[in-house]
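Taking it in order: structure first as structure tokens, then the write-up.
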Amino acid sequence: MLFSFSLKSSILLIFFLHGIVFSTLLLIKGLQTETKSSLWLSLFTILCSFYIAPFMLGYAGWYSHQPYRDILFYIPFQQLFVLPPVLYFYFKTLLDKSFRFSRKNYIHFIPASIYLIYSLIIFISDKVILNEYYFYKDGKDRDFSLWYQIAGLLLLSYYLLKSLKTYYNYKRITYNEVSFAESVMFKWAKRFLFAFLTLIFIRILFFMLNPEWDEFGNKFWYYVCFSILFYFISVSGYANSIYSVTSFKGAPINSDTDLNLETNHGFKKEFTLTTLNRDNLKDDKIEILDLHEWKEKIEILMITDKMYKNPELVISDLSIKLDTHSKKVSQVINQGFNLNFNDFVNNHRIRALLDKIEKGEHSIQTLLSLALECGFNSKSTFNRAFKRATSLSPKEYIEKHYQK
């Protein structure tokens with residue numbers, strides 16, 4: 001089989017082969033662990049490998065010889081209408097444990113289906129009916145048509161917005177349902193969104209630099225950048241096996257949920273506890289007539305039963321104790337205390353910690369051990385919550401109020 005090993009074709013070949021390997025590994029992993037996100041990422045990786053194939057094979061001389069030229073012409077390697085929704089569904093399954101791909105989701109793949117039919121019509125017309133190049137009489141691959149490339153870019157932008165909406169919805173729900181939200185605000189999810197945005201940026205950049213999309217020499221660096229990006233997404237996605245504890249359908253979360261957390265193991269003094277993160281409060285403003293009574297019940301649970309000491313405390317733990325539903329507890333905390341559940345619990349943890357500091361326990365134990373006793377599950381979460389509450393780091397607070 002003809003393949004000219006030039007510098008350009010060889011570089012893209014390395015990424016192409018690695019893409020095939022990681023796609024296979026992700027597929028095996030997804031089937032073995034029944035992780036849908038791995039299956040979607042596997043599909044994304046193989047599509048990216050096919051995406052760079054025309055340029056890799058073009059630099060290797062395929063467009064100059066038969067039957068390779070016809071293979072590149074009539075097989076739609078660059079599935080620009082498939083890649084964006086696949087990325088979106090990968091992200092959706094990553095964060096929403098309740099998500100199930102249903103019939104209505106097939107609508108996202110209608111543009112790709114139409115393009116496949118279009119490609120089939122071209123093949124039948126040129127190779128079966130006319131037996132000559134009609135659609136390809138200009139010698140240019142239809143996959144590089146400007147309308148198709150621009151449509152693919154617009155679709156990619158649309159699904160980035162949908163992914164951002166999914167992330168912020170996940171963030172809002174998580175902060176209102178678990179007391180360890182920062183531990184499950186996955187760093188990989190943020191890095192993925194950044195990579196998604198970078199992918200769009202480099203496409204726009206190269207569109208401006210060279211709108212002639214089928215010019216091989218001028219597009220090499222774009223395909224190298226794209227290859228590095230999809231390689232990063234695939235490898236990082238394979239290495240970051242995360243399991244969401246959040247259901248977008250509002251199903252209760254059990255306190256014994258199996259978690260894979262991103263952790264980093266390792267008062268008085270005229271002090272007024274400041275309000276913590278309020279940005280995520282978007283719960284329905286339904287008036288609760290007995291709001292004050294419910295506030296007292298919740299406060300008693302937190303203070304008397306010290307439920308905040310449970311590092312994996314979730315809102316359903318409170319609702320079970322109060323013999324009500326989680327939605328009611330969430331609304332009381334949102335409206336009565338003007339806090340989300342995560343920050344409400346951390347509020348009590350910080351108060352308990354400051355009590356211990358006031359009693360001088362920080363001179364006997366480390367601040368981290370005291371924080372763990374109060375329910376924090378990691379040093380980083382504790383430090384962030386403490387600084388939000390006091391505007392000082394734990395060390396600065398001790399130095400300011402308890403200087404020897």
Side-chain angles (χ1 to χ4, degrees), residues 94-95 97 167 170-191 239-247 252-267 273-280 298 301-321 326 329-330 333 337 339-357 361-362 364-390 392-395 397-398:
L94 196 68
L95 299 184
K97 72 170 188 176
Y167 179 75
Y170 163 81
K171 184 177 179 180
R172 176 182 62 83
I173 294 171
T174 302
Y175 268 92
N176 274 314
E177 290 191 347
V178 305
S179 67
F180 46 94
E182 292 189 358
S183 295
V184 291
M185 296 310 297
F186 304 120
K187 293 178 182 178
W188 163 234
K190 295 178 183 178
R191 288 198 296 265
N240 289 275
S241 299
I242 62 177
Y243 300 93
S244 176
V245 298
T246 299
S247 168
I253 301 176
N254 297 323
S255 58
D256 60 350
T257 303
D258 183 22
L259 305 175
N260 183 10
L261 307 179
E262 288 187 18
T263 56
N264 299 311
H265 292 297
F267 84 69
L273 195 67
T274 59
T275 300
L276 299 180
N277 195 350
R278 297 184 182 183
D279 296 337
N280 306 297
I298 292 173
L301 271 182
M302 298 301 292
I303 296 172
T304 306
D305 293 5
K306 300 187 182 205
M307 293 190 71
Y308 59 83
K309 285 191 172 185
N310 178 5
E312 294 183 1
L313 183 70
V314 294
I315 203 163
S316 59
D317 294 336
L318 270 67
S319 65
I320 291 170
K321 288 268 190 181
S326 298
V329 178
S330 178
I333 293 173
F337 299 97
L339 293 167
N340 56 53
F341 177 70
N342 178 80
D343 294 337
F344 172 72
V345 176
N346 279 345
N347 185 317
H348 281 278
R349 288 169 177 164
I350 293 294
R351 288 185 185 277
L353 178 68
L354 293 174
D355 248 356
K356 289 178 179 291
I357 292 175
E361 292 186 30
H362 63 285
I364 304 171
Q365 294 178 255
T366 64
L367 280 175
L368 179 58
S369 64
L370 292 176
L372 295 176
E373 285 180 7
C374 293
F376 288 104
N377 65 358
S378 73
K379 181 179 180 180
S380 58
T381 302
F382 158 60
N383 285 335
R384 282 192 292 269
F386 194 95
K387 190 156 190 175
R388 281 205 305 271
T390 66
L392 297 169
S393 69
K395 183 179 179 181
Y397 183 85
I398 296 293

Point to revise | N377 versus T381, closest heavy-atom pair with distance | key: OD1-OG1, 3.8 Å
Point to revise | Side-chain donor/acceptor of D317 to backbone N/O of V314, under 3.5 Å | key: yes
Exercise for review: I would like to know whether V345 and M302 meet side-chain contact (heavy atoms from CB on, under 4.5 Å); could you show each step before the answer?
Suggested key: CA-CA 8 Å; V345 176; M302 298 301 292; 4.1 Å; yes
Exercise for review: Give me the one residue out of K309, R349, K356 that meets side chain to side chain donor-acceptor pair (under 3.5 Å) with E373.
Suggested key: K356
Point to revise | Criterion ring pair (Phe, Tyr, Trp, His ring centres under 6.0 Å) against F376, the qualifying member of F180, F382, F386, Y308 | key: F382
Exercise for review: Answer yes or no: is there a donor N or O on one side and an acceptor on the other, between the side chain of S369 and the main chain of T366, under 3.5 Å?
Suggested key: yes
Exercise for review: Calculate, to the nearest 0.5 Å, the distance between atoms CD1 and CD1 belonging to I298 and I303 respectively.
Suggested key: 11.5 Å
Study note, to complete from the structure: Closest non-hydrogen contact found for L318 with L301 is O-CD1, 4.2 Å
Check your understanding: For I357, does its backbone N or O pair with a side-chain atom of H362 as donor and acceptor, under 3.5 Å?
Key -> yes
Review point. Which distance, rounded to the nearest 0.5 Å, do you find between the OG of S316 and the CD of E177?
Key: 8.0 Å
**Study point:** Inter-residue atom distance I333.CD1 - I315.CD1, 0.5 Å rounding
**Key:** 4.5 Å
Point to revise | Mutual orientation of the aromatic rings belonging to Y170 and Y167 [parallel < 30°, tilted 30-60°, perpendicular > 60°] | key: tilted
Check your understanding: Can you tell me how far the CG atom of L392 sits from the OH atom of Y397, to the nearest 0.5 Å?
Key -> 8.5 Å
Exercise for review: Grab the two heavy atoms, one from S179 and one from P311, that are nearest each other, plus how far apart they are.
Suggested key: OG-O, 4.0 Å
Point to revise | Spacing of N347 atom CG and N342 atom CG [to the nearest 0.5 Å] | key: 11.0 Å
Review point. Quick one: are P394 and N383 in side-chain contact, heavy atoms under 4.5 Å?
Key: yes
Check your understanding: Below 4.5 Å, heavy atoms only, C-beta onward: do F341 and L313 meet side chain to side chain?
Key -> yes
Study note, to complete from the structure: So NZ of K171 and CG of L95: to nearest 0.5 Å the spacing works out to 12.5 Å
Review point. Are the side chain of N346 and the backbone N or O of A385 linked by a donor-acceptor pair below 3.5 Å?
Key: no
